[in-house]
Protein chains: 2
Amino acid sequence: MKTTRPRTPAKSADPSPVGRPLKGAEKSTGRRFSIERIRIPKAADVLASHLRDEIVEGRLSNGEMLPTERELAEGAGLSRSSVREALHMLEIEGLLVTKPGRNGGSMVCQPSRDTIVKTVSLYISSRKTQLTSLIEARAALEPSGAMLAAKHRTDVDIEAIRSMHENLEASIDDLDEFLRANIDWHLAVIHASHNDLMIAFMESISGQVYAATNVERMNPLEIRQQVIKVHGRISDAIIEGDPAAAKRRMERHVGAYAGHLGIE
Amino acid sequence: MKTTRPRTPAKSADPSPVGRPLKGAEKSTGRRFSIERIRIPKAADVLASHLRDEIVEGRLSNGEMLPTERELAEGAGLSRSSVREALHMLEIEGLLVTKPGRNGGSMVCQPSRDTIVKTVSLYISSRKTQLTSLIEARAALEPSGAMLAAKHRTDVDIEAIRSMHENLEASIDDLDEFLRANIDWHLAVIHASHNDLMIAFMESISGQVYAATNVERMNPLEIRQQVIKVHGRISDAIIEGDPAAAKRRMERHVGAYAGHLGIE
DNA sequence: GTCAACATAATATCAGACCTTTTAAAAAAA
DNA sequence: TTTTTTTAAAAGGTCTGATATTATGTTGAC
């Protein structure tokens with residue numbers, strides 16, 4: 001039972017005997033039937049999809065251990081390398097964590113926000129996304145975030161926002177420190193919204209916004225004082241639980257920033 | 001030169017000779033020095049990070065071919081399996097596409113929006129994110145999206161929005177078709193914003209919103225008629241290039257939907 | 001000149017060995 | 001008995017080399 005198997009193993013319930021894509025005869029026979037580039041899945045991909053489904057559908061639940069690589073290989077009729085490749089894919093997607101050693105193995109887990117942040121950050125930096133796009137996205141998310149923060153903030157959130165605001169005030173003379181504290185305050189606000197998705201989106205772009213921020217703009221002392229003042233007023237609205245005011249003020253705040261960049 | 005090498009190969013410029021985490025003597029010697037769980041990177045991870053940097057920093061540019069796996073293996077002093085694992089990681093991250101066969105190999109490419117969509121969708125469905133969070137995120141993104149659409153729409157965008165709106169009108173009697181056409185119109189609007197990030201975010205959540213939409217609500221005919229009317233007015237604002245109106249109307253539209261779900 | 005057969009270069013997969021890490025269990029010491 | 005140390009087993013991590021599959025040049029018959 002160890003001899004050559006045909007491709008596309010496992011996933012046995014595939015009734016279409018497509019086989020290979022017609023060897024020659026490709027160049028636009030132009031009829032009403034142009035067959036579209038059949039993709040032959042790799043063994044690891046198939047196994048990965050299978051396991052991914054098992055996890056998402058809940059048949060493999062959080063914290064559960066998968067069989068060992070060797071068992072999976074035998075079970076799926078694949079080599080250990082292919083199994084490893086599949087497991088590795090799911091690990092990157094944040095669905096598994098793998099530990100070596102006795103009692104090690106692959107454990108099912110939920111993807112964390114960090115997975116999103118990594119992916120989106122990679123997208124942004126490898127596409128060299130325009131700063132305007134980042135600012136636009138931020139301008140879309142932050143006012144609503146502030147509004148939700150005013151609605152859902154807990155005592156812990158309030159404490160965090162206050163603390164971040166104090167950091168900002170304390171670092172008014174250190175430009176780099178000030179920019180960092182600025183981001184931290186914004187992140188504290190979005191965290192208070194208790195909306196995981198929006199937090200993830202904001203975390204993804206805030207790093208890049210920070211990296212691309214024109215330092216010049218923050219240079220004048222009065223600008224930094226102004227920022228602190230506005231942050232204070234937004235913090236107040238959130239702490240007092242006034243969603244409308246929080247949204248309005250944040251809208252004006254990020255709008256002012258965009259205006260300075262000529263986005264209007 | 002093929003004998004056992006020490007771990008952590010390549011990445012030679014690591015000055016810290018940490019080695020293994022002190023063999024025995026672990027359990028809280030309690031001094032002022034508790035060393036924190038050193039993580040030993042895997043060979044594939046190191047190579048992957050290295051290549052990822054090369055790509056992101058632009059030293060490997062879009063469309064460029066990497067050396068063959070065997071060449072990379074020899075160059076990095078790793079086995080082909082480790083190299084393959086690294087390449088596979090980058091492929092999942094959307095930074096490479098790999099083709100088998102003669103003249104095949106790994107080509108550098110930019111991650112597509114699809115990468116984000118997949119990641120975020122996976123996050124949402126495996127965390128069983130609350131519908132309210134999705135609606136909140138949507139409510140944050142769509143008004144700004146409509147505003148940007150009114151600013152940046154091209155003739156092609158206008159045509160697409162018109163076409164989607166006609167589809168919606170045509171499917172008023174088929175509930176499922178109507179819901180799908182509804183989503184498509186919203187996606188056409190966000191596409192017209194020409195903000196890749198916001199498009200990616202909206203595409204990520206719209207599928208899930210669709211899957212979770214309470215069909216009951218759309219059941220009354222007058223509701224569907226109302227939706228069509230509002231969409232029409234938003235479309236008009238976008239087509240006429242009136243950002244403020246587009247934003248305001250979209251805000252009311254998604255607000256109305258949220259209101260029905262008791263989110264307010 | 002076209003088309004079929006062959007050659008070739010690359011990835012895909014496999015099989016099996018050995019290495020490293022972790023921990024459970026056994027043995028030794030207190 | 002309790003604690004510490006040693007040992008061994010179980011798991012993932014890595015390497016090697018062979019084979020399969022795929023895509024594409026190349027060549028030769030017609």
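Order of the sequence lines fixes the chain letters, A, B, ..., with proteins taken first and strands second; residue numbering starts at 1 for each chain.
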Taking side-chain contact (heavy atoms from CB on, under 4.5 Å) as the test, write out the residues that go with [X], two or more places apart.
X      : answer
B/P100 : none
A/S106 : A/L66, A/L87, A/L96, A/T98
A/N62  : A/C109, A/Q110

### Query
Quick one: does B/T115's side chain have a donor or acceptor within less than 3.5 Å of a partner on B/S112's backbone?
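Yes, the answer is positive, given that a donor and an acceptor are paired below the 3.5 Å cut-off.
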### Message
Please list all pairs meeting salt bridge (charged side-chain N to carboxylate O under 4.0 Å, His left out) that have one or both residues in residues 57-68 of chain A, counting only residues at least two apart or in different chains.
### Response
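Pairs touching residues 57-68 of chain A that pass the test: A/E54-A/R59.
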### Query
Got a sec, which pairs hit salt bridge (charged side-chain N to carboxylate O under 4.0 Å, His left out) with one end in residues 101-121 of chain A, sequence neighbours left out?
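Passing the test, one end in residues 101-121 of chain A: A/R113-A/D196, A/R113-A/E203, A/D114-A/K118.
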Ignoring hydrogens and angles, write down the donor-acceptor pairs under 3.5 Å from the side chains of residues 155-163 of chain A, residues two or more places apart or on other chains.
{"from": "A/D157", "atom 1": "OD2", "to": "A/T154", "atom 2": "N", "distance (Å)": "2.8"}
{"from": "A/D157", "atom 1": "OD2", "to": "A/T154", "atom 2": "OG1", "distance (Å)": "3.0"}
{"from": "A/D157", "atom 1": "OD2", "to": "A/H194", "atom 2": "NE2", "distance (Å)": "2.6"}

Rounding to an integer number of Å, can you tell me how far [X] [atom1] sits from [N] [atom2]?
X      : N      : atom1 : atom2 : value
A/E85  : D/dG13 : CD    : C1'   : 14 Å
B/M107 : C/dT11 : CE    : C1'   : 15 Å
B/E74  : C/dA10 : CD    : P     : 14 Å

### Query
What bend angle does the helix from C/dG1-D/dC30 to C/dA30-D/dT1 show across its length, from five-pair end axes and to the nearest 10 degrees?
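One end axis against the other gives 10°.
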### Task
Scan nucleotides 5-12 of chain D nucleotide by nucleotide, 5' to 3', and note B when protein non-hydrogen atoms come under 4.0 Å of the base, S if they reach only the sugar-phosphate, - if neither.
----BBBB
### Task
Could I get the full list of salt bridge (charged side-chain N to carboxylate O under 4.0 Å, His left out) partners for A/R52, not counting sequence neighbours?
A/E93
